[in-house]
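First the structure, in the form of structure tokens, and then the observations on it.
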Amino acid sequence: MRTQLLKADESALSLAAELLKNGQVVGIPTETVYGLGADALNEQAVLAIFAAKERPADNPLIVHVADFEALDALCHVNDMARRLSDAFWPGPLTMILPKKATVPTVVTAGLDSVAVRMPSHPVAQEIIRRSGCPIAAPSANRSGRPSPTQASHVMEDMNGRIPLIIDGGESDVGVESTVVSLTGDTAVVLRPGGITPEMIAAVLGECEVADSVMRPLREGEEAPSPGMKHKHYAPKAPMTLYAGEQTQVANRICEEYDCVQGGVKPLILASRAHLPLYGSRHVFDLGPDAASAAHALFSALRYADEKGFTRIFSEAYPEEGVGLALMNRMARAAGFDIVRI
Ligand code: AMP
Ligand code: MG
């Protein structure tokens, strides 16, 4: 299959909508990361997403809508959902709600709940509206690869596997949406993202965070969100995170960097203010703060793969605000290899 990569102009948007109506899979820009979209109500189309991504069938997809009528057709909307959607939609918040029978079980991997989101990216909204269907869309990477934040990343992973990728520029947030379960009495964040637990608690009065967010699952433990049991965001090079007082962290990273064996090509991931601490060593600039680091992380991991770095040393960030989403992705990329100094 030939894969077209088109800028998001009028004719590209019509083509995307046409393909989606016909049960095809299209790469779509959103404000979080690029998605691999298909008609959520067409079982064959949804199966084609799993095939293109090589995604395990037990990992459910998020369904994207452009309006509230479409939402009502998919799930039972409760009071918490109404308040959160008022506050944060359209935007990077996915809500888990009891599903209606219209949603095929392939979408939810057999669960009786469904994940729903209204994206704020104007191109995503336009494509959903024109296609006339709710769009099931996981991140547009092959399973186990970093999520794509640029159209070129999608091309790297999906060339020859899908007919069309729409280029809508770089994703704004850079990490996937916050996933919050609203099926119980209290909201529980299953995956942190751009909308923080603090922001959700400010609307609902309280918000829990699943404790598996910042640690690996134990042997035999059931994941509250099926996606968490799968390996995620792994660069080819082994990666280690260093947490602690900044100059001590930098000293330790420099030591490790300087004593790698011949043939090993090390890369440091660091925040902008700390760049001078690393001298002339090879450093990827994660920008001034946790939000910029979240935005840059997946590009950094792809850069490391592409340029053949074989060892990654990264600064850790405080696990608060958007730093929780960043560290959730970083810890998984590092296989939870975290050195506390
Ligand atoms: P992705 O499509 O790559 O953004 O991943 C979607 C995430 O949402 C995965 O971590 C899924 O496990 C999670 N998810 C989707 N549907 C549900 C659901 N019904 N219950 C719990 N988690 C879900
Ligand atoms: Mg994903």
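Numbering starts at 1 and runs along the sequence shown. Scope of the values below: all heavy atoms of this structure, side chains included, with no hydrogens, waters or symmetry mates.
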Is the backbone N or O of [Y] less than 3.5 Å from a side-chain atom of [X], with the two atoms forming a donor-acceptor pair by type?
X	Y	value
Ser113	Ile96	no
Thr30	Thr32	yes
Lys265	Lys307	yes
Asn22	Glu18	yes
Thr178	Gly193	yes

Only counting residues at least two apart or in another chain, list the ones meeting ring-ring contact (aromatic ring centres under 6.0 Å, His included) with Phe313.
none
Tyr303 meets the ring-ring contact (aromatic ring centres under 6.0 Å, His included) criterion, sequence neighbours left out, with Phe284, Phe309
Atom of Glu126, atom of Leu13 and distance for their closest heavy-atom approach
CG-CD1, 3.8 Å
[X] and [Y]: side chain donor to acceptor below 3.5 Å:
X	Y	answer
Ser171	Thr149	no
Glu54	Ser143	no
Arg191	Thr94	no
Ser139	Glu176	no

Could you state the interatomic distance from [atom1] ([X]) to [atom2] ([Y]), rounded to the nearest 0.5 Å?
X	Y	atom1	atom2	answer
Leu277	Thr247	CG	OG1	7.5 Å
Ser299	His153	OG	NE2	4.0 Å
Arg55	Leu61	CZ	CG	5.5 Å
Asp112	Lys100	CG	NZ	15.0 Å
His282	Ile312	NE2	CD1	11.5 Å
Ile162	Leu36	CD1	CG	5.0 Å

Among residues at least two apart in sequence or on other chains, which ones pass side-chain contact (heavy atoms from CB on, under 4.5 Å) with Thr186?
Glu206, Glu208
Residues two or more places apart in sequence or in another chain: which of them pass side-chain contact (heavy atoms from CB on, under 4.5 Å) with Arg272?
Leu275, Asp285, Pro288
With hydrophobic residues grouped by side-chain heavy-atom distances under 4.5 Å, do Val260 and Met239 end up in a single group?
no
Please determine whether residues Ile128 and Leu74 belong to a single hydrophobic cluster, defined as Ile, Leu, Val, Met, Phe, Trp and Tyr linked transitively by side-chain heavy-atom distances below 4.5 Å.
no
Please collect all ring-ring contact (aromatic ring centres under 6.0 Å, His included) contacts where either partner lies in residues 79-126, sequence neighbours excluded, each pair once.
none
Find out whether [X] and [Y] are in side-chain contact, i.e. whether some heavy atom of one side chain is under 4.5 Å from a heavy atom of the other.
X	Y	answer
Arg82	Val77	yes
Arg215	Asp211	yes
Tyr317	Asp289	no

Just jot down the side chain to side chain donor-acceptor pair (under 3.5 Å) partners of Ser271, sequence neighbours excluded, or say none.
His274, Glu315
